[in-house]
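In what follows, chains are A, B, ... by sequence order, proteins preceding strands, each numbered from 1. Predicted, not measured: the structure shown is a model, and the values here were computed from it.
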Amino acid sequence: MSEERSLNFLEEIIEKDLAEGTHDGRVLTRFPPEPNGYLHIGHAKSICLNFGLAKKYNGKTNLRFDDTNPVTEDTEYVESIKEDVKWLGFNWAEELYTSDYFDKLYEFAVTLIKKGLAYVDDSTSEEIAAQKGNPTEPGTPSPYRSRSVEENLRLFEEMKEGKYRDGEKVLRAKIDLASPNMHMRDPIIYRIKHAHHHRTGDKWCIYPMYDFAHGQSDSIEEITHSICTLEFIPHRPLYNWCIENLEIFPSKQYEFARLNMNYTVMSKRKLLQLVNENYVNGWDDARMPTISGLRRRGYTPASIREFCERIGIQKRENIIDVSLLEFCIREDLNKTSWRRMAVLDPIKMVITNYPEGQVEMLEGENNPEVEGGDGSRLLPFSKELWIEREDFMENPPKKFFRLGPGLSTRLKHAYIVTCNDFVKDESGNVTEIHCTYAPNSKSGNDTSGIMVKGTIHWVSVPHAKTAEVRLYERLFKVENPASEEGDFKEYVNPDSLQVISQAFIEPALADDFNPEHRFQFIRKGYFVMDKDSTPEHLVFNRTVTLKDSWAKEVKKG
RNA sequence: AGCCCGAUAGUAUAAUGGUAGUACGACGGUUUUUGGUACCGUUUGUCUUGGUUCGAAUCCAGGUCGGGCUACCA
């Protein structure tokens, strides 16, 4: 946390409240997900904001499930949301549910009716829509708008008692049919739904609408700063109207711009489609922008928090470049992950002057970024090695620093080798590379005086273990799939997942069976052991590649 | 159409009436037993037209562009 960073607009508001003694210097925020889907990176922004603000100003944050619509909500989502918030590193003060307040909310509605500020309407949904008018023309009163308080009280109670079918009646606030704000034209505040609720069961058959539940829930909890996204700005007058007319604790709503990121989609509806239509393998597919997907991909909580810190908080629409997220995870993993060697696309190399049957155990530091290397592991070295196919070129260009006829290169943590020969099969594919090594060029003990520019990774053939490796690319081919013509799913990248069923890995990688452990496969990228792994069948997911300036060089031609 | 919100390099984000800065990206270089990391450098910006002011990214007015709202979703 940099002390010098300037305040965002919400911090300014809070500091002003603190300075003026509003709420006696108390700060209480809340994170209010609806349990109808998995959390994604956009929610992470909101989580970091709400919990971060509270932490910064010695306040607290409630986790409140906004569960007012029983037909879309489920405990499966409650559990995943709790797990994701915890995984991100945040602790809520209280775990609450809007459904905890259904009794109180019902009483609030009764209060409004008694004040002549709400009425039961028998109009159909189409009729109500028509009554709303349009932005240029005022709405027209429902024929039921002038029902007496007594009648409204009776009908509302009957609604609660289940005397009516779904949609037969609603409770509407009586506000202003001519308001330029459509939300103020007698909004529906209670509707009938004979549906089983994941927490209250069958106790209720009427449920409050968002606008009649959210502000009051904030107020009941005495939330000081209720932070939501921009699309709720037009709801704010209604939020305030409810609180004022109910004469309850004056929580205040503030809005910030939601996160958008390129090469992905960020709406629960679209993510649900990708899951349901099998474009991905579930909500936690490593290509998904969900928290659980990012976790499976190998992202760390710290990297996501850092990302949220860097993107800032503002009110303008934005589309963040995914390269910033990738920067954050590389920055974290570079400092924390152990280096290991894995050959993903193998070709055999034979060291012709290395004694047959000889094995040397070479030492390799775990992480050069850490003082002392963060310990080390032993690497078996022998006459036959697997190396990466792309590290050999039959006709290498001038600036190619790896292997080719007559070229020398360093084997990481081992010796310098020089390529003398190679073998091709009938169809012209290179199948084997023959090299000689310089015995006095051993890493850490090099007296050969040979200077090479390149270093490549390798795995000893007789000692190699195998693993499945999943290489991920961005899920979409275009920057903003949601804004393209046609169905966004047409823009799914068909190469977003490439499975290598048998890669060769150094033995140390197999010694320590530990799903979710993250490694850097030297020169190939950061990888995480997937939860599908068993000790007999290891699976690694590529989190992100290393920056590759050679690839750029090649691209330029 | 009416109302609401917004507009600073490619993308984000500062500058709160006083030198337009930072990060990511891109480009170039130094170092390097990872073509990684680290370090150095280069590039590109205040939507527009007026006004207020000694001085405007900032304040005011008009325009333009982008987004939102007109669900018995949240």
[N] to [M] separation - [atom1] atoms, rounded to the nearest Å:
N: B:U43; M: B:C54; atom1: C1'; result: 34 Å
N: B:A56; M: B:A15; atom1: C1'; result: 13 Å
N: B:U44; M: B:A20; atom1: P; result: 15 Å
N: B:G6; M: B:U13; atom1: P; result: 14 Å
N: B:U48; M: B:A26; atom1: P; result: 29 Å

Rounded to whole Å, the OH-C1' distance (A:Tyr526 to B:U37) equals 8 Å
Identify whether any heavy atom of [X] sits under 4.0 Å from a base atom; if not, whether one sits that close to sugar-phosphate; answer base, sugar-phosphate or nothing.
X: A:Phe400; result: base
X: A:Thr545; result: nothing
X: A:Gly444; result: base
X: A:Thr72; result: nothing
X: A:Pro368; result: base
X: A:Tyr190; result: nothing
X: A:Asn318; result: sugar-phosphate

[N] base / [X] side chain donor-acceptor hit below 3.5 Å:
X: A:His183; N: B:A71; answer: no
X: A:Glu369; N: B:G36; answer: yes
X: A:Arg316; N: B:G66; answer: no
X: A:Arg523; N: B:U34; answer: no

A:Arg310, nearest nucleotide to its side chain (from B:A23, B:C4, B:U13) | B:A23
Which nucleotide in B:U34, B:A74, B:C72 has an atom nearest any side-chain atom of A:Ile128 | B:C72
Any side-chain N or O of A:Gln314 less than 4.0 Å from the OP1 or OP2 oxygen of B:A14?
-> yes
Six-ring centre of A:Tyr97, A:Arg199 cation under 6.0 angstrom, axis tolerance 45° | yes
Donor-acceptor pair, side chain of A:His197 and main chain of A:Pro70, under 3.5 angstrom | no
Is any side-chain N of the basic residue among A:Asp166 and A:Lys193 closer than 4.0 Å to the acidic one's carboxylate O?
-> no
Of A:Asn36 and A:Lys453, the one whose closest RNA chain B nucleotide lies more 5' | A:Lys453
